[in-house]
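Working notes for the structure below.
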Amino acid sequence: MSDEAFHAAAGEDCHLFGDNNCGFEEVAPTVSVFFPEPFMEFGLPLTAGITKYTLMLVISVLLVMGFWYLATRRAAVVPGRLQSVAEMLVTFIRDQVTRQQMGQAGDKYLPMMVTLFLFIFVMNAMGIIPGLQLPVTSHIAYPAALAIYVYVMWNAIGIKKHGVAGHFVGRVVPGGTPKWILPLLVPIEIAQNFIAKPVTHALRPFAAMLSGHLLLAVFAAGGFYMFNLGADGFLSVVSVGYSGLALVAFVVFTGFELFIMALQAYVFIMLASSYLGEALEGQH
Amino acid sequence: MDIEGNLNIIGYGLAAIGPGVGVGLIFGLGVQAIARQPEARGLLQGQMLIGFALTEVLALIGLVLAFIL
């Protein structure tokens, strides 16, 4: 548990029932977890330099590339173990996501969605790998870049399929509405489609990962804080009991977090396909 | 009585009530719909998850605002 090791190295002797009357707020993790010290800085404005996030991003890219390389290296009609896992993933996303949202035309965007799913899932899962424990998507820059990519694709597909006017009119004028209500409806639709959708698309994995990681860090730090064998007599037994409870909660929530990570990646591609499906459809 | 801490957290707690009710309604009614018509399961699950995502983001926006305001 690297969070504990981190606090052991950083904090002094700060425990429950300790002599120095130390409170939990002195060791509790804060949002500073999400602003690691850069390894290398270039002094450019609005950049953070090369931080732990960059390192983890490289690791996740290599993991995803390695998985697909190993899974498709000897592609056969009768699949091997790894190849059947990859095939299950692709068919699952085809049947549950792209065909549901975009119909047969969605098969063209299946590779994009599969890549996005696995990439986001691995970036999220970096949060529970021992020793690393920082989800890459808990920094807004990474989901924002992916959401901008989907946003650009969405506009490009709509413009290519229906022309500039067709795409933008189709997005801001809902079909079958009376004319007199349009001045009221069009600004709302513009704000909804061109601002709220991409922003919330990026915000969703970011906020879910930020809150989940903070929760895990609080439980790990709490387990460490309450573990005090040096307390006098019976109190040390009590402290070990408390710390055990916190660590059990840590393990339970780690499992729950894994589920949330997969769900967030799934929801991301689900919404991406639903946006692309809208753009393919034109006027709605 | 002295109360210390940040008012933003209370605001976030209040902001999470609505999405909590919403997510509960979506999955409750979704399960009910699947129970009534089990063959429509695939379609309903997709719609449920989209509704869930749109509701959940309200709570997440609240969380982000609690940190940045």
Side-chain angles (χ1 to χ4, degrees), chain A residues 23-25 28 30-35 91-103 106 137-140 143-144 147 192 195-215 260 262-275 277-278, chain B:
Chain A
F24 181 53
E25 60 268 24
T30 59
V31 259
S32 64
V33 186
F34 301 105
F35 298 97
T91 34
F92 173 77
I93 290 174
R94 188 193 64 192
D95 294 339
Q96 295 293 319
V97 182
T98 58
R99 287 223 174 137
Q100 299 261 344
Q101 303 295 334
M102 299 190 266
T137 33
S138 66
H139 193 295
I140 183 72
Q192 155 99 17
I195 299 165
K197 269 184 183 175
V199 168
T200 54
H201 203 201
L203 212 57
R204 197 172 284 115
F206 159 68
M209 285 305 109
L210 180 120
S211 56
H213 185 67
L214 211 53
L215 186 72
I260 295 284
L263 186 71
Q264 286 299 333
Y266 180 71
V267 162
F268 190 93
I269 61 161
M270 186 80 157
L271 287 165
S273 344
S274 125
Y275 297 163
E278 247 174 39
Chain B
M1 193 168 91
D2 268 346
I3 298 179
E4 282 181 23
N6 200 332
L7 200 57
N8 287 355
I9 304 303
I10 296 184
Y12 173 57
L14 292 176
I17 295 174
V21 172
V23 170
L25 277 178
I26 286 164
F27 280 105
L29 292 178
V31 168
Q32 205 174 59
I34 291 174
R36 281 170 194 245
Q37 205 157 1
E39 62 270 28
R41 188 193 182 104
L43 195 71
L44 288 171
Q45 264 177 346
Q47 297 297 318
M48 260 158 82
L49 279 171
I50 286 189
F52 160 74
L54 294 179
T55 317
E56 179 211 24
V57 80
L58 297 175
L60 295 177
I61 288 172
L63 175 82
V64 172
L65 288 180
F67 274 112
I68 65 175
L69 283 184

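Quick note on labels: first sequence line is chain A, next is B, and so on, each numbered from 1. Treat the numbers as computed from the prediction; the structure is a model and nothing was measured.
Looking at heavy atoms from C-beta onward, B:Q45 lies out of side-chain contact with A:Q100 at the 4.5 angstrom threshold. Contact of the B:L60 side chain with the A:L203 side chain is not registered, since no non-hydrogen atoms from C-beta on lie closer than 4.5 Å. Under the 4.5 Å side-chain criterion, counting only non-hydrogen atoms from C-beta, A:L210 is not in contact with B:V64.
Looking at A:Y266, only its side chain comes within 4.5 Å of chain B, counting heavy atoms on both sides.
Atoms CD1 and CE, from B:I50 and A:M270 in turn, are 4.5 Å apart once rounded to the nearest 0.5 Å. Put simply, CG on B:L54 and NZ on A:K197 are 8.5 Å apart, with the number rounded to the nearest 0.5 Å. Atom CD of A:Q96 is separated from atom CG of B:L49 by 9.5 Å, given to the nearest 0.5 angstrom.
Contact tally against chain B (heavy-atom pairs below 4.5 Å) for A:L271, A:D95, A:T200, A:V97: the top residue is A:T200.
The neighbour count for B:F27 CZ, taken as heavy atoms of other residues, nucleotides or ligands under 6.0 Å away, is above 12.
A:S211 and B:L63 make their closest contact through CB-CD2, 3.4 Å (heavy atoms, listed as atom of the first residue, atom of the second, distance).
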